[in-house]
Amino acid sequence: MQAKGATLPLPSLMPELPEVEHLRRTIEPRLLGRTVTRIEVRRADVCKVWRASAHGEDAAPSASRGLSSARQGLQRLQPDPATLHAALLLGHTFTGTQRRGKELALVAAAAGCARVLCVHLGMTGQLRWHATPPTFAPKAHVHVLWELDGGERVPAAGSKIPGGFMTFADPRRFGGLACLDSAGDLAHRWRAMGLDALTTPPDDLAAALVAELGRANRAVKAALLDQRVVAGVGNIYADEALFAAHILPRKLARRLSPDRVRLLATHLRAILIRAVEAGGSTLRDYVNAEGDRGQAQTLHQVYGRGGLPCLACGLSLQTAQIAQRTTVWCRACQRDRRDWT
DNA sequence: CTGGTCTCCTGATCGC
DNA sequence: TGCGATCAGGAGACCA
C-alpha cells in the first residue's frame, strides 16, 4: 500500500462512513449487555459533556450554522471527574449502537436512565476492543479506557462470560467523544445533519440531494463535504462518487441537472455499500474493533491517484485543492457531456 | 443568511 | 544519520 511514485499522494488516513459502519458492526456485539466497571481518562480534553439547557429547548435549529448550532438547546459542561466518569458511562450497561454519517453513538443505561456516548474518529481515531488489558505504547495516544464486565447474558454451559476493555485513541485529536444525557439529546444533536448517505432509501437520498445541491451556490465537491447536505461523505468518497457520475468537482452544484444529481446519489450510495462490504476502506490508521485493517483501498478509482493514468481512459488524473481538500479527477471522463444527462 | 478561509494536531515522508 | 519542511484533513471558529 506504499505510494512509491514521487507524484503519488499519500494514502488517506481518515476513517470515513464505511469504516465507522464497519466499526459499529464489529464492536456492537462486544458491548451489548456488558457493563462499564472502570474508566481511565488519560486526556480529558477529548471529552465534551453536554446537558440539555433549561431554556429555548425547541427553537428549530434549521436556521443556524454548522452542526454545532444543532446543539443549540445543549450546553457544554466543564465536569468534575465524577461527573465525567458517569457521562462516559461508568456503571452503565450497553444497550445498542447507532450511526449517522461518520458519528457513532453508543447507548447505555443505568437505573433506567439512558445515556449516549458519541464517538467521532476524526482522521486518526480508533475505538478498539481488547479481550485482555491493553498496554499503552508511548505513541498510541490512548485517551480513554473502559473496563467492562461480562454482564448477565446466559453463558454457554459452565463457562463464564468474559469481560473486556475498550479504548479510544486518536493521535491527531481531530476526533473526540461527546457525552449526552438521553436519546432525545442525540436526536437533537443529529438534527442538523443531512440524511445518512448509506442507510437512506435510494429515492429519498436522491430527492434530498436534488433539493440541497439545487440551492448550493458553490462547487459540488464543497457541498458534498458539508455534513448538513448529506451525512457521511468525506474526501475519498466525494471524489469517487463524482468520478463515477461523470461530474467535475468544481461544477457549481445548483447548475447540475436533477438527473445528473440522481445519478450522483445512485453512485454515491453504491460506492459506500461496496466499501462497507469490503470492510471499510482506509488505510494506514484505520482498524476495526478487532484491530484488523480494512481491505477496500483497491476500490478507489481516483482518490490518491493524482498524476497517475485514469483507470477508464488513461489520461493523467488532475489534482487541485477544492474546499481546502486535495481533489483528484479526470478532466476527460468528468467533462460535461449532454449524453450523460 | 451564505460561502470561503483559517486553525487545530501529529506522524510519515522527502530533500538536503 | 539527522533535521527541517511539507502534507494529510473533519469540522468548529471566524470573517466578508
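Hydrogens, waters and symmetry mates play no part in the numbers below; they use all other heavy atoms, side chains included. Below, chain A is the first sequence line, B the second, and so on; all start at residue 1.
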For A/Phe174 and C/dA11, is the gap between ring centres under 5.5 Å while the planes differ by less than 30°?
-> no

Nearest-Å distance, NZ (A/Lys221) to C1' (B/dG4)?
-> 15 Å

Taking B/dT10, C/dA11, B/dG4 as options, the one with an atom nearest any side-chain atom of A/Arg218 is B/dG4

Rounded to the nearest angstrom, tell me the gap between atom CG in A/Leu225 and atom P in C/dG9.
-> 10 Å

To the nearest Å, give me how far apart CG (A/Leu121) and P (C/dG9) are.
-> 16 Å

Should A/Gln324 be listed as having a side-chain N or O under 4.0 Å from OP1 or OP2 of B/dG4?
-> no

Residue A/Met123, side-chain atoms from C-beta onward, closest of B/dT10, B/dT5, C/dA8 = C/dA8

Is any NZ, NE, NH1 or NH2 atom of the basic residue among A/Asp226 and A/Arg218 found under 4.0 Å from an Asp or Glu carboxylate oxygen of the other?
-> yes

Indicate whether the side chain of A/Arg254 and that of A/Asn217 have a donor and an acceptor atom separated by less than 3.5 Å.
-> yes

Counting side-chain heavy atoms from CB outward, which of C/dA8, B/dT10, B/dG3 is closest to A/Arg173?
-> B/dT10

Using only side-chain N and O atoms of A/Thr326, determine if any of them is under 4.0 Å from OP1 or OP2 of C/dG9.
-> yes

Which word best sums up how the rings of A/His300 and A/Tyr237 line up, parallel for under 30°, tilted for 30 to 60°, or perpendicular for over 60°?
-> perpendicular

Starting from P on B/dG3, measure out to CD1 on A/Ile322 and report it in whole angstrom.
-> 16 Å

Between A/Arg325 and A/Asn217, who's closer to the 5' end of DNA chain B by nearest nucleotide?
-> A/Asn217

Can you tell which of B/dG11, C/dA11, C/dA8 lies closest to the side chain of A/Lys139?
-> B/dG11

Scan A/Ala323 against the nucleic acid and name what it touches under 4.0 Å (heavy atoms): base, sugar-phosphate only, or nothing.
-> nothing

Within the side chain of A/Arg99, is there an N or O that forms a donor-acceptor pair under 3.5 Å with the backbone of A/Gly101?
-> yes

Can a side chain N or O of A/His120 be found less than 4.0 Å away from OP1 or OP2 on C/dG10?
-> no

What's the CD-P distance between A/Gln126 and C/dG10, to the nearest Å?
-> 17 Å

note: A/Arg100, atom CZ; C/dA11, atom C1'; distance rounded to Å ~ 17 Å

Under 4.0 Å: is that the gap between some side-chain N or O of A/His141 and OP1 or OP2 of B/dG11?
-> yes

Could you give the CZ-to-C1' distance, from A/Arg43 to B/dC9, as a whole number of Å?
-> 10 Å

d(CZ, A/Arg172; C1', B/dT7) in whole Å = 14 Å

Spell out, as yes or no, whether a donor-acceptor pair under 3.5 Å connects the side chain of A/Gln227 to the backbone of A/Gly232.
-> yes

Return no unless some side-chain N or O of A/Tyr303 is found under 4.0 Å from OP1 or OP2 of C/dA8.
-> no

